[in-house]
Amino acid sequence: MQMKKLLIIIITLHLSVAHALAQTDLYTGDAVVSSQSEEDRNAAIPAALMQVLQKLSGKREMPVSAALDDALGNAASYLRSYRYAKVERSAADGSVSQELRLVAQFMQAEVDRILQAAGLPRWRQERPAVELWVVIDDGLSRQLKPPGFEYVWESIEEIAAMRGLPVSWPDLDEETLQLVDMRLVWGGFTDYLVERGAPQDGVAIIAARREGPQWTLRWNLASSGQTWSWQISDSELLDAITEGTHRLADEIAASNTIAFSEQGVWTTDISIGGLNGAAAYARCLDYLQHLSLVNDVQVLGASPGRVQFRLKLNAATEHLAEALRQGLILIPASAGSEYDYELLP
């Protein structure tokens, strides 16, 4: 009787939870315009659509493709809505200017078809933020994100947003900052920061030093057990930051993209424990439905505290395990397809 009642609750909740939509910001792009005229708007829409395709595919440079040429030529037909925004831009000399931008949101289903037609990879939409630690050495001292470089921090955030890469800055008060070993940060030891609480799924150290007319930037990135490092030199700090931030997005995207050959229709069954009550079940179901890899969720059966689900995926099944690991909601309970739900506060 209890089992029958549990199944009735599950079926009722399954019907009442709406299928989740993809993150809408990934389907929104922007482009600088001179005015709000129809002519300027129509000229900017293809650039906004190109930005959306960059966000979704993780590619900085798009391949030559007849499908892409056709899509960009008809970009206005995929437009869902648009608005204008005035954005303030800081300069190295401390001055601030404004530029007008068209902010265009495109229809998800149509854009997804463009990606498929062009044979592009797909960057998973669940994207943990990369925490950025920037140290500037002016020859006298080394400071973490010192004042006076606001135009640099704005540029990093803008490029990251344009590429669809979430970023964050460490939140440190004066007392906490005193406890940070700047020698290790300057040395690029990302594992030191992870031990102190930086996210394992993304932390980057940017060590910048000026020597005469030349800036040298050393980048160290750690994400999901992988590490990368590179160096960029330029006479302009902003140019070096721009190239490095693009490289940051390139590396993160490449390690989290689904190749075109791995996209399609797959089905997998998983068993989830720890679902002790209707509220836990509803949250778990909502989480599964929000995963961009999941097209449909079916309930196969249930026992006290555990539910068996069948997931219809749009990518090869191996990508699901990594998505669940990053989600921190379902914890592997065995080497197979069993998980335990971790109750959130």
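Heavy-atom basis, side chains included; hydrogens, waters and symmetry copies ignored.
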Item to check | Non-neighbouring partners of W219 that pass ring pair (Phe, Tyr, Trp, His ring centres under 6.0 Å), sequence neighbours left out | outcome: W230
Checklist outcome for this item: Between A75 and I45 the two heavy atoms that sit nearest each other are CB-CG2, 3.6 Å
Checklist entry - Would you call the rings of Y82 and Y84 parallel, tilted or perpendicular, where under 30° means parallel and over 60° means perpendicular? => result perpendicular
Next on the checklist: Let's go through S90 and E150 carefully: what are the C-alpha distance in whole Å and the side-chain angles of both, what is the deciding distance for side chain to side chain donor-acceptor pair (under 3.5 Å) to 0.1 Å, and is it a yes or a no?
Outcome noted: CA-CA 7 Å; S90 300; E150 283 73 20; over 6 Å; no
Next on the checklist: Please determine whether side chain to side chain donor-acceptor pair (under 3.5 Å) holds for the pair E318 and W266, giving the CA-CA distance in whole Å, both sets of side-chain angles, and the decisive distance to 0.1 Å.
Outcome noted: CA-CA 10 Å; E318 56 263 28; W266 277 263; over 6 Å; no
Next on the checklist: Which residue in the set E126, R124, H319 passes side chain to side chain donor-acceptor pair (under 3.5 Å) when paired with S292?
Outcome noted: E126
Checklist outcome for this item: The salt bridge (charged side-chain N to carboxylate O under 4.0 Å, His left out) partners of E251 (sequence neighbours excluded) come to R247
Next on the checklist: Does L68 form a side chain to side chain contact (heavy atoms under 4.5 Å, CB included) with L120? I'd like the steps, not just the answer.
Outcome noted: CA-CA 10 Å; L68 284 180; L120 291 170; 4.3 Å; yes
Checklist entry - Under a 4.0 Å N-O cut-off, is there an ion pair linking D201 with R325? => result yes
Item to check | Salt bridge present between D296 and R310 (N-O < 4.0 angstrom) | outcome: no
Checklist entry - Relative to each other, are the rings of F309 and Y281 parallel, tilted or perpendicular (30° and 60° limits)? => result parallel
Checklist entry - What's the verdict on side chain to side chain contact (heavy atoms under 4.5 Å, CB included) for I159 and H246, showing C-alpha distance, side-chain angles and the deciding distance? => result CA-CA 7 Å; I159 294 169; H246 276 298; 3.7 Å; yes
Checklist entry - When you check the gap from the basic side-chain N to the acidic O, do R101 and E158 get nearer than 4.0 Å? => result yes
Next on the checklist: I'd like to know whether H290 forms a side chain to side chain donor-acceptor pair (under 3.5 Å) with D286, so could you lay out the CA-CA distance, the side-chain angles of the two residues, the decisive distance to 0.1 Å, and finally the verdict.
Outcome noted: CA-CA 6 Å; H290 271 81; D286 185 60; 3.3 Å; yes
Checklist entry - Can you list the steps and then say if L237 with F149 is a side chain to side chain contact (heavy atoms under 4.5 Å, CB included)? => result CA-CA 10 Å; L237 175 60; F149 293 91; 3.6 Å; yes
Next on the checklist: I need the minimum non-hydrogen distance between P166 and R127, along with the two atoms involved.
Outcome noted: CG-O, 3.2 Å
Item to check | Pair W215-L238, side chain to side chain contact (heavy atoms under 4.5 Å, CB included): steps then yes or no | outcome: CA-CA 10 Å; W215 282 95; L238 191 59; over 6 Å; no
Checklist entry - T267 and T317: which non-hydrogen atoms are nearest, and at how many Å? => result O-CG2, 4.4 Å
Checklist entry - Do you see a donor-acceptor pair shorter than 3.5 Å between the side chains of T176 and D173? => result yes
Checklist entry - Do you know which two heavy atoms are closest between R122 and L293, and how far apart they sit? => result NH2-CD2, 4.0 Å
Next on the checklist: Name the residue from I206, I156, L132 that meets the side-chain contact (heavy atoms from CB on, under 4.5 Å) definition with L248.
Outcome noted: L132
Checklist entry - How long is the span from the CG atom in D70 to the CD1 atom in I114, to the nearest 0.5 Å? => result 8.5 Å
Checklist outcome for this item: Taking every heavy atom of V152 against every heavy atom of I241, the minimum-distance pair comes out as CG1-CG1, 3.6 Å
Checklist entry - Side-chain donor-acceptor pair under 3.5 Å between D40 and S35, yes or no? => result yes
Checklist entry - Any chain of hydrophobic side-chain contacts (each under 4.5 Å) joining M62 to V52? => result yes
Checklist entry - What closest approach, in Å, do D234 and E236 show between heavy atoms, and which atom pair accounts for it? => result OD1-N, 2.9 Å
Item to check | Hphob cluster co-occupancy, L53 + L26, side-chain heavy atoms under 4.5 angstrom | outcome: yes
